[in-house]
Participant: 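Okay, handing you the structure first.
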Number of protein chains: 2
Amino acid sequence: MVTSSSAQQAPGAAQDGLVDALARAAFTTMAVLTKAAADNDLSLTQLRVLAILRDRRLRMTALAGYLGLEKSTMTGLVDRAEKRRLLQRAPSASDGRAVDVFLSPEGAELAGRLTTDIVHALSPLTSKLAPAERRLLQTLLEQMLSPHDS
Amino acid sequence: MVTSSSAQQAPGAAQDGLVDALARAAFTTMAVLTKAAADNDLSLTQLRVLAILRDRRLRMTALAGYLGLEKSTMTGLVDRAEKRRLLQRAPSASDGRAVDVFLSPEGAELAGRLTTDIVHALSPLTSKLAPAERRLLQTLLEQMLSPHDS
DNA sequence: TATTGTTATACTCTATAACTATA
DNA sequence: TATAGTTATAGAGTATAACAATA
């Protein structure tokens, strides 16, 4: 089944093998990301927040949109990260109701360190491929992830 | 950064682009899996349990091992799934302390339906690739995920 | 003594609903 | 009236520590 290791090909479902490989790659990659986060006492969601805010300053609602979460969920999430001095809140200049969220210097520093950690942690996987294969894999993934609608 | 969309190449870190693509593919795939689970009132963890038990009968501790969770976490997880008639518990025949967990008929039926749902939900992505590209992507992912240690 | 599973407890993540303050 | 964010509340997922039963 998908997400498991057995790839039983249903007749006519020629994508099962790829779907299975994608699911397994996803779980493996997520495990690496989760561990990199846990090693720094972060949840996967907190890791994503740091990644998203690395080059952006967003309102609470916009951040919720990026994460696919409810705005009420953001309050606690940002509260905890702010208490740890990773994020900062500031009232929006243009809208009295809105609150901007952005990385603190410490948060930016941690985000940078996490990037390095993750690249290193994934290298046992990526190094199984030759350079040309890595480029090919990257190209195929990007093509698959591209927003093009054709 | 990794997990975000901006791929800033650090000098010498030639894997950043691939790591970014892997992370984005992981989040996209996990989003599909999470939605397929949520559409059936399951968490991602419950989905994984169904997938793992699809062709296995495991003890609580072994199941915890597959999931990378503590055994104490399994109790509640299995409790809830058992209450919904998706899983069943039975005392181990060989060890009086152990408890076997396995899919109920309803659980197996749901696991099968989920597989179909996921393949369909991922098809907008996979269909962006030509058949030969899909096979190539699958091969590269499998090579990367292979347990070989060279 | 060591292992298997459960229980007790606590914290994070998440959602829904109700609230406030701005627009 | 509608939107931005918070608060209150509740449930799932997770871990640690202590425990009972069995090995």
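Naming: A, B, ... by sequence-line order, numbering from 1 per chain.
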Participant: Going by side chain to side chain donor-acceptor pair (under 3.5 Å), name the residues that satisfy it together with Ser92(B), two or more places apart in sequence or in a different chain.
Facilitator: Ser94(B)

Participant: With sequence neighbours left out, which residue pairs that include part of residues 66-76 of chain B fulfil the side chain to side chain donor-acceptor pair (under 3.5 Å) condition?
Facilitator: Arg56(B)-Tyr66(B)

Participant: Would you kindly give the CG-to-P distance between Leu77(A) and dC11(C), to the nearest whole Å?
Facilitator: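 Nearest whole value for this atom pair: 17 Å.
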
Participant: Atom CD of Glu82(A) to atom C1' of dT6(D): distance rounded to whole Å?
Facilitator: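 Atom-to-atom, Glu82(A) to dT6(D), this comes out as 13 Å.
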
Participant: If a protein heavy atom is under 4.0 Å from the base, mark B; if only from the sugar-phosphate, S; if neither, -; do that for nucleotides 16-23 of chain D going 5' to 3'.
Facilitator: BB---BBS

Participant: To the nearest Å, how far apart are Leu44(B) CG and dT14(D) C1'?
Facilitator: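 Whole-Å distance recorded here is 14 Å.
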
Participant: Not counting sequence neighbours, which residues clear side chain to side chain donor-acceptor pair (under 3.5 Å) with Asp100(B)? List them please.
Facilitator: Arg57(B)

Participant: dA12(D) P sits how many Å from Gln46(B) CD, rounded?
Facilitator: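 Gln46(B) atom CD is separated from dA12(D) atom P by 9 Å.
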
Participant: Just grab all the salt bridge (Lys or Arg N to Asp or Glu O under 4.0 Å) pairs involving residues 25-40 of chain B, residues at least two apart or on different chains.
Facilitator: Lys35(B)-Asp39(B)

Participant: How close or far is atom C1' of dA15(D) from atom CG of Leu42(A), stated in whole angstroms?
Facilitator: 17 Å

Participant: With the side chain counted from C-beta on, respond yes when Glu142(B) and Arg24(A) share a heavy-atom pair under 4.5 Å apart, and no when they do not.
Facilitator: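 Yes, at least one pair of side-chain atoms sits under 4.5 Å.
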
Participant: Under 4.0 Å between a side-chain N/O of Arg80(B) and OP1 or OP2 of dG13(D), yes or no?
Facilitator: yes

Participant: Would you please name every residue forming a side-chain contact (heavy atoms from CB on, under 4.5 Å) with Val99(B), sequence neighbours left out?
Facilitator: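 Per chain and number, Val99(B) pairs via side-chain contact (heavy atoms from CB on, under 4.5 Å) with Met60(B), Arg89(B).
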
Participant: Under 4.0 Å, heavy atom to any atom of DNA chain C: which of residues 57-67 of chain A qualify?
Facilitator: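 Those residues whose heavy atoms fall under 4.0 Å from DNA chain C, taken from residues 57-67 of chain A, amount to none.
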
Participant: Mapping Gly76(A) and Val99(B) to their closest nucleotides on DNA chain C, which lands nearer the 5' end?
Facilitator: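 Its nucleotide being nearer the 5' end, the pick is Val99(B).
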
Participant: Nearest whole angstrom, please: distance from the P of dG5(D) to the CE of Met74(A).
Facilitator: 10 Å

Participant: In whole Å, what is the span from the CZ atom of Arg84(A) to the C1' atom of dT12(C)?
Facilitator: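 In whole Å, dT12(C) C1' lies 12 Å from Arg84(A) CZ.
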
Participant: Please identify each residue that fulfils side chain to side chain donor-acceptor pair (under 3.5 Å) with Arg135(A), with sequence neighbours left out.
Facilitator: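 Here no residue qualifies.
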
Participant: So, are Asp41(B) and Arg84(B) salt-bridged, with charged N and O less than 4.0 Å apart?
Facilitator: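 No, Asp41(B) and Arg84(B) are not salt-bridged.
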
Participant: The criterion is side-chain contact (heavy atoms from CB on, under 4.5 Å); which residues satisfy it with Arg80(A), sequence neighbours excluded?
Facilitator: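 Arg80(A) satisfies side-chain contact (heavy atoms from CB on, under 4.5 Å) with Gln46(A), Leu77(A) once adjacent residues are dropped.
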
Participant: Please determine if a side-chain N or O atom of Ser43(B) lies less than 4.0 Å away from the OP1 or OP2 oxygen of dG13(D).
Facilitator: yes

